[in-house]
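Structure, as structure tokens:
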Amino acid sequence: MAVYAHSSPTAAEMMPPPVRRTPLREVFFGDLFSACLSVAAIGLLWSLLPALNWATLDAVWVTDDPGECRAGGACWAFIADKLRFILFGIYPPEEQWRPLLVIGLILGMTLISLPPKAWSTKLLAGWIAAIAAMLALMWGGFAGMSFVPTGKWGGLPVTLLLALLSLSLAFPLAVVLALGRRSNRVVPRLLSVLSIEIVRGLPLVGLLFVASIMLPLLLPQSWTIDKLGRTLAALTIFAAAYLAEVIRGGLQGVPQGQGEAAEALGIPRWKIVWHIILPQAIQKVIPPLTNTAIVMVKNTSLVLIVGVFDMLSAGRSAATDPEWPAPFAESYIFVGAIYFLICFGISLYSRWLEEGIHSREYK
Amino acid sequence: MMHAPQTATTGSAIRIEGVDKWFASFHALKAVDLDVAAGERIVVCGPSGSGKSTLIRCINRLESHQQGRIVVNGVELNESLKNIDAVRRDVGMVFQHFNLFPHLTVLENCALPQILSRVTPRRDAEEKAMTLLERVRIPEQAQKYPGQLSGGQQQRVAIARALCMNPRVMLFDEPTSALDPEMVKEVLEVMVSLAEEGMTMIVVTHEMGFAKEAADRVVFMDQGRVVEIAEPRVFFDSPKHERTRHFLNQIIH
Ligand SMILES: Nc1ncnc2c1ncn2[C@@H]1O[C@H](COP(=O)(O)OP(=O)(O)OP(=O)(O)O)[C@@H](O)[C@H]1O
Ligand SMILES: [Mg+2]
């Protein structure tokens with residue numbers, strides 16, 4: 001075991017903390033428990049070798065001839081061939097710059113919204129404008145862009161829009177529900193409890209069915225709300241019920257003294273909630289909020305059950321092309337990788353946010 | 001009184017007449033009477049649970065009383081939200097546990113309340129905040145978060161935050177009891193200087209040094225009642241009531 005300590009007698013105060021480096025052998029095999037885990041991990045990796053082989057050495061990376069894929073390796077050439085279909089679904093190919101631009105807009109807006117310093121009413125207005133622009137781009141029907149009905153939207157933009165819109169619409173709804181549930185008044189509390197418990201008690205698939213199939217049967221014919229819109233409504237309601245409970249947990253963690261101090265300063269009630277209580281409540285529940293956000297991103301894939309053409313539906317239907325030898329695994333791996341990137345990104349971001357919060361308190 | 005009151009109002013800054021307060025069936029304040037003149041400094045003391053906090057929290061309506069009258073600068077505290085707002089505009093409060101907003105910097109702690117309750121432009125609010133942070137002698141901490149300050153520094157920020165609202169009355173609820181002994185002095189110094197400027201103050205504290213130095217009158221409470229009110233000299237040298245003597249003996253020894 002090596003101990004590296006730099007000491008300089010002339011400037012003892014400036015001495016950096018001693019650094020102790022543990023050798024790798026000790027990290028992985030230092031005690032019985034670590035050793036067992038290390039052996040198990042190596043065994044697992046070993047057993048995955050054939051799959052790794054399938055995915056890399058035996059794989060067909062580029063080809064114009066689907067027949068070459070019958071050899072048994074992974075057929076990544078298929079992904080290259082179907083990339084546009086998986087990403088954009090049946091959106092008219094010559095118009096696919098529009099959904100591409102939408103993806104770009106979402107990425108760009110997300111990037112500039114990352115640092116908490118950027119959060120302001122201006123940014124909120126920016127997001128509302130950006131989302132309006134995205135929907136306008138997708139629909140078209142003006143400025144020489146052909147009209148594309150939502151039935152033809154598909155792939156990654158649908159997944160991203162459903163996730164983004166359901167979460168951002170659910171959030172304010174969840175705040176209202178959480179506050180209602182903590183209210184002293186009976187009616188708001190009862191309404192909140194009822195809606196949260198009913199929605200949480202139903203499976204999302206059930207909600208989606210009700211929204212997309214039952215609702216049109218129940219409502220008069222003239223009330224046709226778009227199927228994508230109804231699906232979005234179901235996702236939003238579902239997310240709101242879960243977010244509400246997470247936010248309620250955060251509200252419970254804010255000491256009573258915070259509200260009292262704000263009241264004593266003469267700050268109006270709703271401004272206390274907005275500027276003093278909610279920010280603290282939300283900071284306290286970043287891990288479960290992240291969790292809900294990630295679950296909701298993945299939940300959007302359930303819309304394929306009611307026939308909305310999201311990225312997972314596109315991947316599945318791409319693989320049914322009879323020209324190719326049923327490359328379902330490749331298709332799902334590719335789609336899965338995109339989901340993973342999104343969700344892991346959210347996860348990293350939340351860790352970064354939390355570090356920012358912890359750096360403000362050394363006690 | 002040595003100091004001229006800040007305002008021209010004659011008579012009482014705070015009038016408390018026959019106030020009763022119950023928590024469910026627990027009788028927390030019993031027929032409390034107290035008249036505080038503008039510019040007067042009152043120290044309230046008494047054993048734990050005697051109702052000191054409850055009394056001063058009734059003065060800015062953090063608690064509501066059920067009987068009697070409380071009038072602050074001519075405005076009666078009742079169900080009227082307008083009156084409650086008016087009173088809170090005039091009354092600042094400092095808490096035992098500081099209650100700074102942990103998600104805001106020290107500067108924002110002092111500036112944001114002005115912006116939210118008075119619709120002050122941000123520039124003016126921050127300028128005012130800096131002036132008051134200088135006054136409590138911690139302008140250099142303005143960009144830090146409360147969690148990064150010592151208890152004494154936090155309490156001074158809390159005083160600055162309250163003063164930013166230009167209060168005519170300041171309430172202190174055991175402002176030094178959560179502090180390490182070496183930090184009590186820096187907070188008391190700020191309070192004494194505030195008293196010297198003629199601020200109307202009601203201070204719940206067991207710091208008898210402060211009471212002797214700065215108070216015009218000392219109020220002793222026990223079991224929800226005001227037992228004795230006297231000038232500090234009289235209060236400490238010749239308390240009239242047996243319970244007061246008993247209490248003073250306990251905190252001095
Ligand atoms: N919100 C409340 N609900 C029920 N009882 C309360 C509440 N607040 C205070 N009490 C009770 O009222 C009595 C007076 O409390 P108060 O906090 O005013 O005492 P205090 O004199 O400030 O004591 P301390 O020195 O411990 O702060 C106590 O017996 C307390 O238990
Ligand atoms: Mg108290």
Side-chain angles (χ1 to χ4, degrees), chain A residues 115-123 175 178-179 183-185 246-247 249-287 289 350 352-363, chain B residues 53 56-57 59-63 81 84-106 108-120 143-151 154 157-158 161-167 169-173 178:
Chain A
K117 278 210 168 64
W119 302 347
S120 62
T121 30
K122 256 193 224 143
L123 185 68
V175 168
L179 290 173
S183 164
N184 296 325
R185 278 178 243 174
V246 172
I247 293 169
L251 289 172
Q252 278 170 345
V254 179
Q256 205 183 347
Q258 291 291 311
E260 286 178 353
E263 272 184 52
L265 287 160
I267 303 175
R269 251 320 139 70
W270 65 269
K271 287 186 184 171
I272 296 179
V273 172
W274 184 249
H275 291 274
I276 307 295
I277 308 294
L278 265 183
Q280 294 185 53
I282 288 166
Q283 283 182 4
K284 283 176 199 296
V285 290
I286 287 178
L289 276 181
S350 85
W352 178 73
L353 273 186
E354 275 199 283
E355 271 164 30
I357 293 165
H358 288 314
S359 69
R360 294 177 194 171
E361 28 192 75
Y362 58 62
K363 291 195 260 191
Chain B
S53 300
I56 67 166
R57 286 161 60 87
I59 296 172
N60 64 354
R61 197 71 174 190
L62 288 183
E63 303 288 356
L81 292 177
I84 296 174
D85 269 356
V87 167
R88 285 183 181 160
R89 247 197 293 284
D90 277 351
V91 178
M93 190 172 210
V94 173
F95 299 83
Q96 179 175 1
H97 297 289
F98 331 132
N99 295 359
L100 292 176
F101 306 132
H103 62 302
L104 302 175
T105 63
V106 163
E108 289 166 333
N109 260 279
C110 296
L112 189 66
Q114 301 174 60
I115 296 168
L116 296 182
S117 51
R118 308 266 164 96
V119 204
T120 317
Q143 297 307 330
K144 288 198 184 165
Y145 285 89
Q148 298 167 326
L149 304 187
S150 74
Q154 289 191 52
V157 173
R161 177 177 73 174
L163 291 177
C164 277
M165 312 304 287
N166 297 326
V169 175
M170 284 285 285
L171 308 173
F172 294 82
D173 192 357

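- Interface summary for chain A: among B:R61, B:R161, B:Q114, the most heavy-atom pairs under 4.5 angstrom belong to B:R161.
- No other option in B:M165, B:H103, B:R118 has as many heavy-atom pairs under 4.5 Å with chain A as B:H103.
- A:A264 approaches B:M93 most closely through the heavy-atom pair CB-CB, 4.1 Å.
- Top candidate by heavy-atom pairs under 4.5 Å with chain A, chosen from B:R88, B:H97, B:R89, is B:R88.
- To the nearest 0.5 Å, the span separating CD1 on A:I276 from CG on B:N109 amounts to 7.5 Å.
- For A:E260, the parts lying under 4.5 angstrom from a heavy atom of chain B are both the backbone and the side chain.
- The shortest distance between side-chain heavy atoms of A:Q280 and B:P102 falls below 4.5 Å.
- Not one N or O on the side chain of A:E263 forms a donor-acceptor pair closer than 3.5 Å with the backbone of B:N60.
- The structure places CG of B:L81 at 8.0 Å from CZ of A:R269, a figure rounded to the nearest 0.5 Å.
- Taking both residues in full, the closest heavy atoms of A:L265 and B:S117 are given as O-OG, 3.5 Å, listed atom of the first, atom of the second, then distance.
- Looking at B:L116, both its backbone and its side chain come within 4.5 Å of chain A, counting heavy atoms on both sides.
- In this structure, A:W119 places its CH2 atom where more than 12 heavy-atom neighbours from other residues, nucleotides or ligands lie under 6.0 Å away.
- At a 4.5 Å heavy-atom cutoff, the contact between B:F101 and chain A is made by backbone and side-chain atoms alike.
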